[in-house]
Novice: 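There's a structure below that I have some questions on.
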2 protein chains.
Amino acid sequence: MGLTIGQVAKECGVDVETIRFYERDGLIRQPARPDSGFRRYPPDVVKRILFVRRAKALGFSLREIRDLLSLRVDSATTCDEVKKRAEEKIIDIKNKIRSLQEMKHALEKLTAACRGRGPTAECPILEALEDGNDAGTPKGTPEQYPGKQAATKG
Amino acid sequence: MGLTIGQVAKECGVDVETIRFYERDGLIRQPARPDSGFRRYPPDVVKRILFVRRAKALGFSLREIRDLLSLRVDSATTCDEVKKRAEEKIIDIKNKIRSLQEMKHALEKLTAACRGRGPTAECPILEALEDGNDAGTPKGTPEQYPGKQAATKG
DNA sequence: CTTGACACCGTAGCAGGGTACGGGGGCATC
DNA sequence: GATGCCCCCGTACCCTGCTACGGTGTCAAG
(Lines give C-alpha, C1' and ligand atoms only; values in the text may rest on other atoms or scores of the structure.)
Protein backbone atom coordinates (compact mmCIF):
# COMPACT_ATOMS: atom_id res chain seq x y z
CA MET A 1 0.00 0.00 0.00
CA GLY A 2 2.85 2.39 -0.71
CA LEU A 3 6.07 3.47 0.85
CA THR A 4 6.29 5.40 4.08
CA ILE A 5 8.15 8.67 4.09
CA GLY A 6 10.99 7.01 5.96
CA GLN A 7 11.36 4.32 3.31
CA VAL A 8 11.37 6.87 0.54
CA ALA A 9 13.93 8.94 2.39
CA LYS A 10 16.23 5.99 2.80
CA GLU A 11 15.94 4.95 -0.84
CA CYS A 12 16.72 8.47 -1.98
CA GLY A 13 19.46 9.09 0.52
CA VAL A 14 17.80 12.19 1.85
CA ASP A 15 16.30 13.19 5.18
CA VAL A 16 12.61 12.78 5.95
CA GLU A 17 12.43 16.50 6.58
CA THR A 18 13.73 17.18 3.11
CA ILE A 19 10.84 15.26 1.63
CA ARG A 20 8.33 17.19 3.69
CA PHE A 21 10.08 20.34 2.58
CA TYR A 22 9.85 19.36 -1.08
CA GLU A 23 6.17 18.66 -0.60
CA ARG A 24 5.55 22.10 0.88
CA ASP A 25 7.55 23.57 -1.95
CA GLY A 26 5.45 21.87 -4.61
CA LEU A 27 8.17 19.61 -5.96
CA ILE A 28 6.34 16.43 -5.10
CA ARG A 29 2.67 15.76 -4.92
CA GLN A 30 0.86 15.35 -1.65
CA PRO A 31 0.60 11.60 -1.22
CA ALA A 32 -2.39 9.61 -0.05
CA ARG A 33 -2.79 9.20 3.69
CA PRO A 34 -5.07 6.25 4.08
CA ASP A 35 -4.91 4.97 7.63
CA SER A 36 -3.60 6.97 10.53
CA GLY A 37 -2.79 10.03 8.50
CA PHE A 38 0.65 8.72 7.58
CA ARG A 39 1.89 9.52 4.09
CA ARG A 40 1.94 6.60 1.67
CA TYR A 41 3.96 7.08 -1.49
CA PRO A 42 3.77 5.38 -4.85
CA PRO A 43 7.19 3.99 -5.76
CA ASP A 44 7.80 6.46 -8.57
CA VAL A 45 8.16 9.35 -6.15
CA VAL A 46 11.67 8.02 -5.64
CA LYS A 47 12.55 8.78 -9.26
CA ARG A 48 11.13 12.23 -8.89
CA ILE A 49 13.16 13.02 -5.82
CA LEU A 50 16.33 11.64 -7.34
CA PHE A 51 15.71 13.83 -10.36
CA VAL A 52 15.40 16.86 -8.12
CA ARG A 53 18.67 16.05 -6.42
CA ARG A 54 20.51 15.53 -9.66
CA ALA A 55 19.14 18.68 -11.20
CA LYS A 56 20.12 20.61 -8.11
CA ALA A 57 23.65 19.32 -8.35
CA LEU A 58 23.69 20.64 -11.89
CA GLY A 59 22.98 24.16 -10.80
CA PHE A 60 19.23 24.33 -11.27
CA SER A 61 17.26 26.07 -8.55
CA LEU A 62 14.25 24.38 -7.02
CA ARG A 63 12.08 26.82 -8.90
CA GLU A 64 13.62 25.82 -12.20
CA ILE A 65 13.28 22.18 -11.29
CA ARG A 66 9.60 22.71 -10.61
CA ASP A 67 9.32 24.21 -14.06
CA LEU A 68 11.14 21.30 -15.62
CA LEU A 69 8.96 18.78 -13.88
CA SER A 70 5.83 20.58 -14.90
CA LEU A 71 6.69 20.38 -18.59
CA ARG A 72 3.80 18.37 -19.84
CA VAL A 73 0.81 19.03 -21.99
CA ASP A 74 -2.42 19.07 -20.11
CA SER A 75 -5.71 20.86 -20.09
CA ALA A 76 -4.06 24.05 -18.85
CA THR A 77 -1.03 24.18 -21.11
CA THR A 78 -0.84 24.23 -24.87
CA CYS A 79 1.56 22.21 -26.92
CA ASP A 80 3.21 25.34 -28.25
CA GLU A 81 3.79 26.68 -24.80
CA VAL A 82 5.37 23.48 -23.59
CA LYS A 83 7.50 23.23 -26.66
CA LYS A 84 8.73 26.77 -26.25
CA ARG A 85 9.70 26.24 -22.64
CA ALA A 86 11.36 22.93 -23.40
CA GLU A 87 13.41 24.47 -26.17
CA GLU A 88 14.61 27.24 -23.91
CA LYS A 89 15.71 24.68 -21.39
CA ILE A 90 17.49 22.69 -24.07
CA ILE A 91 19.55 25.73 -24.99
CA ASP A 92 20.33 26.34 -21.37
CA ILE A 93 21.43 22.75 -20.94
CA LYS A 94 23.56 22.81 -24.07
CA ASN A 95 25.43 25.78 -22.68
CA LYS A 96 26.00 24.01 -19.42
CA ILE A 97 27.32 20.99 -21.26
CA ARG A 98 29.67 23.14 -23.26
CA SER A 99 31.04 24.84 -20.16
CA LEU A 100 31.57 21.51 -18.50
CA GLN A 101 33.35 20.16 -21.54
CA GLU A 102 35.67 23.12 -21.50
CA MET A 103 36.41 22.52 -17.86
CA LYS A 104 37.00 18.87 -18.56
CA HIS A 105 39.44 19.70 -21.34
CA ALA A 106 41.29 22.10 -19.12
CA LEU A 107 41.64 19.47 -16.44
CA GLU A 108 42.72 16.84 -18.93
CA LYS A 109 45.39 19.17 -20.21
CA LEU A 110 46.46 19.66 -16.66
CA THR A 111 46.85 15.95 -15.96
CA ALA A 112 48.63 15.47 -19.26
CA ALA A 113 51.06 18.26 -18.48
CA CYS A 114 51.53 16.73 -15.09
CA ARG A 115 52.46 13.35 -16.49
CA GLY A 116 55.46 14.47 -18.52
CA ARG A 117 56.50 17.64 -16.90
CA GLY A 118 57.41 19.40 -13.68
CA PRO A 119 55.81 22.43 -12.04
CA THR A 120 53.32 24.45 -14.05
CA ALA A 121 52.95 27.54 -12.04
CA GLU A 122 50.02 29.59 -13.26
CA CYS A 123 46.51 28.27 -13.18
CA PRO A 124 46.01 26.02 -16.21
CA ILE A 125 42.26 25.94 -15.85
CA LEU A 126 42.03 29.60 -16.59
CA GLU A 127 44.54 29.32 -19.43
CA ALA A 128 42.51 26.63 -21.07
CA LEU A 129 39.19 28.30 -20.59
CA GLU A 130 39.86 31.30 -22.72
CA ASP A 131 37.81 31.29 -25.88
CA GLY A 132 39.69 28.99 -28.20
CA ASN A 133 43.02 29.93 -26.71
CA ASP A 134 45.31 27.04 -25.99
CA ALA A 135 48.56 28.12 -24.57
CA GLY A 136 49.21 31.44 -22.98
CA THR A 137 52.18 33.43 -21.95
CA PRO A 138 53.09 32.50 -18.41
CA LYS A 139 53.22 35.53 -16.23
CA GLY A 140 55.89 35.17 -13.56
CA THR A 141 55.00 35.97 -9.92
CA PRO A 142 53.52 32.59 -9.09
CA GLU A 143 52.35 33.71 -5.67
CA GLN A 144 50.10 31.75 -3.44
CA TYR A 145 46.61 32.92 -2.78
CA PRO A 146 45.96 33.79 0.80
CA GLY A 147 42.46 33.60 2.25
CA LYS A 148 41.03 30.23 3.12
CA GLN A 149 43.18 27.26 2.24
CA ALA A 150 41.84 25.43 -0.76
CA ALA A 151 41.60 21.77 0.19
CA THR A 152 44.89 20.04 1.00
CA LYS A 153 44.00 20.50 4.60
CA GLY A 154 42.98 17.03 5.83
CA MET B 1 47.97 50.78 -13.84
CA GLY B 2 45.20 48.25 -13.52
CA LEU B 3 41.45 48.16 -13.31
CA THR B 4 39.50 49.57 -10.42
CA ILE B 5 37.09 47.31 -8.62
CA GLY B 6 34.22 49.12 -10.29
CA GLN B 7 35.59 48.47 -13.76
CA VAL B 8 36.13 44.81 -13.01
CA ALA B 9 32.63 44.56 -11.62
CA LYS B 10 31.12 46.07 -14.72
CA GLU B 11 33.11 43.84 -17.05
CA CYS B 12 32.06 40.76 -15.15
CA GLY B 13 28.48 41.79 -14.69
CA VAL B 14 28.67 41.45 -10.94
CA ASP B 15 28.41 43.84 -8.02
CA VAL B 16 31.45 45.48 -6.44
CA GLU B 17 30.47 43.91 -3.15
CA THR B 18 30.58 40.48 -4.72
CA ILE B 19 34.20 41.03 -5.68
CA ARG B 20 35.10 42.11 -2.19
CA PHE B 21 33.28 39.05 -0.94
CA TYR B 22 35.22 36.76 -3.27
CA GLU B 23 38.42 38.32 -2.06
CA ARG B 24 37.55 37.69 1.57
CA ASP B 25 36.60 34.17 0.61
CA GLY B 26 39.93 33.48 -1.05
CA LEU B 27 38.60 33.10 -4.59
CA ILE B 28 40.62 35.98 -5.93
CA ARG B 29 43.92 37.30 -4.84
CA GLN B 30 44.29 40.52 -2.91
CA PRO B 31 45.24 43.03 -5.54
CA ALA B 32 47.87 45.74 -5.33
CA ARG B 33 46.79 49.03 -3.75
CA PRO B 34 49.32 51.51 -4.94
CA ASP B 35 48.13 55.06 -4.32
CA SER B 36 45.30 55.88 -2.01
CA GLY B 37 44.64 52.34 -0.95
CA PHE B 38 42.26 51.64 -3.82
CA ARG B 39 42.41 48.16 -5.29
CA ARG B 40 44.03 47.90 -8.73
CA TYR B 41 43.43 44.70 -10.63
CA PRO B 42 45.38 43.05 -13.42
CA PRO B 43 43.05 42.39 -16.36
CA ASP B 44 43.09 38.62 -15.95
CA VAL B 45 41.10 38.81 -12.75
CA VAL B 46 38.11 39.19 -15.03
CA LYS B 47 38.63 35.71 -16.44
CA ARG B 48 38.92 34.35 -12.95
CA ILE B 49 35.70 35.90 -11.80
CA LEU B 50 33.85 34.78 -14.89
CA PHE B 51 35.12 31.29 -14.27
CA VAL B 52 33.77 31.41 -10.75
CA ARG B 53 30.38 32.49 -12.00
CA ARG B 54 30.21 29.84 -14.65
CA ALA B 55 31.30 27.11 -12.29
CA LYS B 56 28.72 28.25 -9.80
CA ALA B 57 26.00 28.03 -12.41
CA LEU B 58 27.10 24.45 -12.97
CA GLY B 59 26.43 23.46 -9.41
CA PHE B 60 29.90 23.82 -7.89
CA SER B 61 30.11 25.44 -4.48
CA LEU B 62 32.53 28.25 -3.85
CA ARG B 63 34.63 25.84 -1.85
CA GLU B 64 34.86 23.46 -4.78
CA ILE B 65 35.66 26.32 -7.10
CA ARG B 66 38.49 27.37 -4.82
CA ASP B 67 39.80 23.82 -5.07
CA LEU B 68 39.53 23.85 -8.84
CA LEU B 69 41.34 27.14 -9.12
CA SER B 70 44.08 25.97 -6.84
CA LEU B 71 44.89 22.99 -9.03
CA ARG B 72 48.42 23.76 -9.99
CA VAL B 73 51.79 22.34 -9.23
CA ASP B 74 53.90 24.50 -7.02
CA SER B 75 56.38 24.20 -4.24
CA ALA B 76 53.70 23.02 -1.84
CA THR B 77 51.89 20.49 -3.99
CA THR B 78 53.22 17.43 -5.74
CA CYS B 79 52.38 16.46 -9.26
CA ASP B 80 50.75 13.27 -8.08
CA GLU B 81 48.53 15.09 -5.70
CA VAL B 82 47.38 17.55 -8.33
CA LYS B 83 46.81 14.80 -10.81
CA LYS B 84 44.73 12.85 -8.35
CA ARG B 85 42.52 15.79 -7.55
CA ALA B 86 42.13 16.73 -11.18
CA GLU B 87 41.11 13.21 -12.10
CA GLU B 88 38.49 13.15 -9.40
CA LYS B 89 37.08 16.36 -10.74
CA ILE B 90 37.08 15.01 -14.26
CA ILE B 91 34.96 12.08 -13.15
CA ASP B 92 32.64 14.42 -11.36
CA ILE B 93 32.32 16.57 -14.45
CA LYS B 94 31.73 13.59 -16.71
CA ASN B 95 28.84 12.57 -14.51
CA LYS B 96 27.38 16.03 -14.70
CA ILE B 97 27.67 15.99 -18.46
CA ARG B 98 25.95 12.64 -18.64
CA SER B 99 23.08 13.82 -16.46
CA LEU B 100 22.68 16.91 -18.57
CA GLN B 101 22.69 14.87 -21.75
CA GLU B 102 19.95 12.67 -20.34
CA MET B 103 17.92 15.72 -19.50
CA LYS B 104 18.50 17.12 -22.94
CA HIS B 105 17.35 13.89 -24.55
CA ALA B 106 14.26 13.84 -22.43
CA LEU B 107 13.40 17.37 -23.42
CA GLU B 108 14.07 16.66 -27.07
CA LYS B 109 11.76 13.70 -26.91
CA LEU B 110 9.20 15.95 -25.35
CA THR B 111 9.36 18.54 -28.10
CA ALA B 112 9.28 15.80 -30.71
CA ALA B 113 6.21 14.26 -29.13
CA CYS B 114 4.72 17.68 -29.00
CA ARG B 115 5.21 18.27 -32.68
CA GLY B 116 3.15 15.33 -33.90
CA ARG B 117 0.84 14.58 -31.07
CA GLY B 118 -1.67 15.95 -28.61
CA PRO B 119 -1.62 15.84 -24.82
CA THR B 120 1.00 13.73 -23.12
CA ALA B 121 -0.18 13.57 -19.59
CA GLU B 122 2.48 12.11 -17.33
CA CYS B 123 5.83 13.76 -16.92
CA PRO B 124 8.02 12.80 -19.86
CA ILE B 125 11.20 13.98 -18.22
CA LEU B 126 10.93 11.35 -15.58
CA GLU B 127 9.95 8.70 -18.11
CA ALA B 128 13.01 9.42 -20.15
CA LEU B 129 15.37 9.61 -17.25
CA GLU B 130 15.02 6.05 -16.11
CA ASP B 131 18.13 4.03 -16.78
CA GLY B 132 17.84 3.07 -20.41
CA ASN B 133 14.08 3.01 -20.30
CA ASP B 134 12.43 4.76 -23.18
CA ALA B 135 8.69 4.58 -23.05
CA GLY B 136 6.76 3.74 -19.95
CA THR B 137 3.22 2.72 -19.23
CA PRO B 138 1.11 5.82 -18.74
CA LYS B 139 -0.58 5.75 -15.41
CA GLY B 140 -3.94 7.50 -15.66
CA THR B 141 -4.81 10.09 -13.00
CA PRO B 142 -3.10 13.03 -14.66
CA GLU B 143 -3.68 15.27 -11.66
CA GLN B 144 -2.21 18.69 -11.25
CA TYR B 145 0.35 19.31 -8.60
CA PRO B 146 -0.74 21.76 -5.96
CA GLY B 147 1.77 23.83 -4.06
CA LYS B 148 3.40 26.75 -5.78
CA GLN B 149 2.49 27.21 -9.41
CA ALA B 150 5.31 26.19 -11.69
CA ALA B 151 5.87 29.05 -14.13
CA THR B 152 2.96 29.80 -16.49
CA LYS B 153 2.26 32.69 -14.22
CA GLY B 154 3.24 35.77 -16.27
C1' DC C 1 37.35 74.43 -3.26
C1' DT C 2 33.15 72.27 -3.89
C1' DT C 3 30.58 68.72 -6.12
C1' DG C 4 29.98 64.09 -7.58
C1' DA C 5 31.44 59.65 -8.70
C1' DC C 6 33.73 56.16 -6.94
C1' DA C 7 36.51 53.83 -3.34
C1' DC C 8 37.15 52.13 1.59
C1' DC C 9 35.49 49.37 5.79
C1' DG C 10 32.59 46.79 8.92
C1' DT C 11 28.42 44.92 9.95
C1' DA C 12 23.75 43.67 9.22
C1' DG C 13 20.25 41.63 6.53
C1' DC C 14 18.20 38.45 3.15
C1' DA C 15 16.84 34.45 0.00
C1' DG C 16 17.47 29.70 -0.93
C1' DG C 17 17.63 25.23 0.69
C1' DG C 18 17.47 22.59 3.94
C1' DT C 19 17.99 20.66 9.23
C1' DA C 20 16.84 20.21 14.01
C1' DC C 21 13.69 20.29 17.82
C1' DG C 22 9.90 19.50 20.82
C1' DG C 23 5.66 17.73 21.87
C1' DG C 24 2.22 14.32 20.59
C1' DG C 25 0.14 9.94 18.38
C1' DG C 26 0.01 4.94 16.04
C1' DC C 27 1.21 0.38 16.08
C1' DA C 28 3.70 -3.81 16.88
C1' DT C 29 5.98 -6.57 20.18
C1' DC C 30 7.51 -8.17 24.42
C1' DG D 1 0.25 -2.11 29.03
C1' DA D 2 4.79 -0.44 28.55
C1' DT D 3 8.78 -0.06 25.17
C1' DG D 4 10.42 1.36 20.98
C1' DC D 5 10.18 2.81 16.37
C1' DC D 6 8.23 5.51 13.13
C1' DC D 7 5.05 9.14 11.94
C1' DC D 8 2.63 13.90 12.57
C1' DC D 9 3.09 19.14 12.83
C1' DG D 10 4.91 23.72 13.45
C1' DT D 11 8.55 26.57 14.35
C1' DA D 12 13.09 27.85 14.80
C1' DC D 13 17.53 27.55 13.40
C1' DC D 14 21.61 27.17 10.16
C1' DC D 15 24.82 27.59 6.19
C1' DT D 16 25.83 29.57 1.72
C1' DG D 17 26.26 33.30 -1.09
C1' DC D 18 25.52 37.32 -1.69
C1' DT D 19 23.44 42.44 -1.04
C1' DA D 20 22.54 46.62 1.35
C1' DC D 21 23.80 50.29 4.60
C1' DG D 22 26.18 53.92 6.74
C1' DG D 23 29.86 56.60 7.57
C1' DT D 24 34.29 58.16 5.65
C1' DG D 25 38.11 59.17 2.20
C1' DT D 26 39.92 60.28 -2.65
C1' DC D 27 40.32 62.35 -6.76
C1' DA D 28 38.97 64.64 -11.11
C1' DA D 29 36.26 68.25 -13.12
C1' DG D 30 34.25 72.53 -13.11
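Residue numbers start from 1 in every chain, and the chains themselves are labelled A, B, ... in the order their sequence lines are given, proteins ahead of strands. All values reported here derive from a predicted model rather than from experimental measurement.
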Novice: Where the side chain of B:Tyr22 is defined as all heavy atoms beyond and including C-beta, which of D:dC18, D:dG17, D:dA20 is the nearest nucleotide?
Specialist: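 The listed nucleotide nearest to B:Tyr22's side chain is D:dC18.
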Novice: Please report, rounded to the nearest Å, how far the C1' atom of D:dA20 is from the CZ atom of B:Phe21.
Specialist: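 My rounded result for the distance is 14 Å.
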Novice: Using a strict threshold of under 4.0 Å (side-chain N to carboxylate O), is an ion pair present between A:Glu17 and A:Arg20?
Specialist: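 Between A:Glu17 and A:Arg20 there is a salt bridge, with a charged N closer than 4.0 Å to a carboxylate O.
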Novice: If I take atom CD in residue A:Gln30 and atom C1' in nucleotide D:dC7, what distance separates them, rounded to the nearest angstrom?
Specialist: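 Distance check: A:Gln30 CD to D:dC7 C1' gives 16 Å.
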Novice: Whole-Å distance between D:dC7 P and A:Met1 CE?
Specialist: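 One finds 13 Å between P of D:dC7 and CE of A:Met1, rounded.
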Novice: Can you tell me if the side-chain N/O atoms of B:Thr18 get under 4.0 Å from OP1 or OP2 in D:dT19?
Specialist: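 Affirmative; the distance criterion is met.
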Novice: Please identify each residue that fulfils side-chain hydrogen bond (donor to acceptor under 3.5 Å, both in side chains) with B:Asn95, with sequence neighbours left out.
Specialist: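 By the side-chain hydrogen bond (donor to acceptor under 3.5 Å, both in side chains) rule, B:Asn95 matches B:Arg98.
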Novice: Could you check whether any side-chain heavy atom of A:Tyr41 comes within less than 4.5 Å of a side-chain heavy atom of A:Val46, counting everything from C-beta outward?
Specialist: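 Heavy-atom side-chain distance check fails, nothing below 4.5 Å.
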Novice: When you group the ILVMFWY residues by side-chain heavy-atom contacts below 4.5 Å and let the links chain together, are B:Phe38 and B:Tyr22 in the same group?
Specialist: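 Hydrophobic grouping puts B:Tyr22 apart from B:Phe38.
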Novice: Taking only Lys NZ, Arg NE, NH1 and NH2, and the carboxylate oxygens of Asp or Glu, determine whether A:Lys84 and A:Glu81 approach each other closer than 4.0 Å.
Specialist: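 Salt bridge: yes.
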Novice: Do A:Lys89 and A:Phe60 meet the cation-pi criteria used here (NZ or CZ under 6.0 Å from the six-membered ring centre, within 45° of the axis)?
Specialist: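 No, A:Lys89 and A:Phe60 do not form such a contact.
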Novice: Report yes if the side chains of B:Ile19 and B:Arg39 come closer than 4.5 Å at any heavy-atom pair, otherwise no.
Specialist: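 No; the side chains remain at least 4.5 Å from each other.
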Novice: Whole angstroms only, please: what is the CD1-P distance between B:Ile5 and D:dT26?
Specialist: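 Whole-Å distance recorded here is 17 Å.
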Novice: In this structure, how many angstroms lie between the P atom of D:dG17 and the CZ atom of B:Phe60, rounded?
Specialist: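 Distance, rounded to whole Å: 13 Å.
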Novice: Output the distance between atom CD (A:Gln30) and atom CD (A:Glu23), rounded to the nearest 0.5 Å.
Specialist: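 One gets 4.5 Å once the value is rounded to the nearest 0.5 Å.
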Novice: When we call it a touch if two heavy atoms are under 4.0 Å apart, what does A:Arg40 touch: a base, just sugar-phosphate, or nothing?
Specialist: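 Counting heavy atoms under 4.0 Å across all strands, no contact is made by A:Arg40.
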Novice: Name the first nucleotide and the last nucleotide along DNA chain C (5' to 3') that come under 4.0 Å of a heavy atom in chain A.
Specialist: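 Terminal contacting nucleotides, 5' to 3': C:dG17 to C:dC27.
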Novice: If you measure from CG on B:Leu58 to CD1 on A:Ile97, what distance do you get to the nearest 0.5 Å?
Specialist: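 Interatomic distance, B:Leu58 CG to A:Ile97 CD1, rounded to 0.5 Å: 10.5 Å.
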Novice: Mind listing the N/O atom pairs, protein and nucleotides 10-13 of chain D, below 3.5 Å?
Specialist:
unit_1, atom_1, unit_2, atom_2, d
D:dG10, N7, A:Arg20, NH2, 3.3
D:dG10, O6, A:Arg20, NH2, 3.3

Novice: Can you check the B:Leu62 CG to D:dC18 P distance for me, whole Å?
Specialist: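 These atoms are roughly 5 Å apart.
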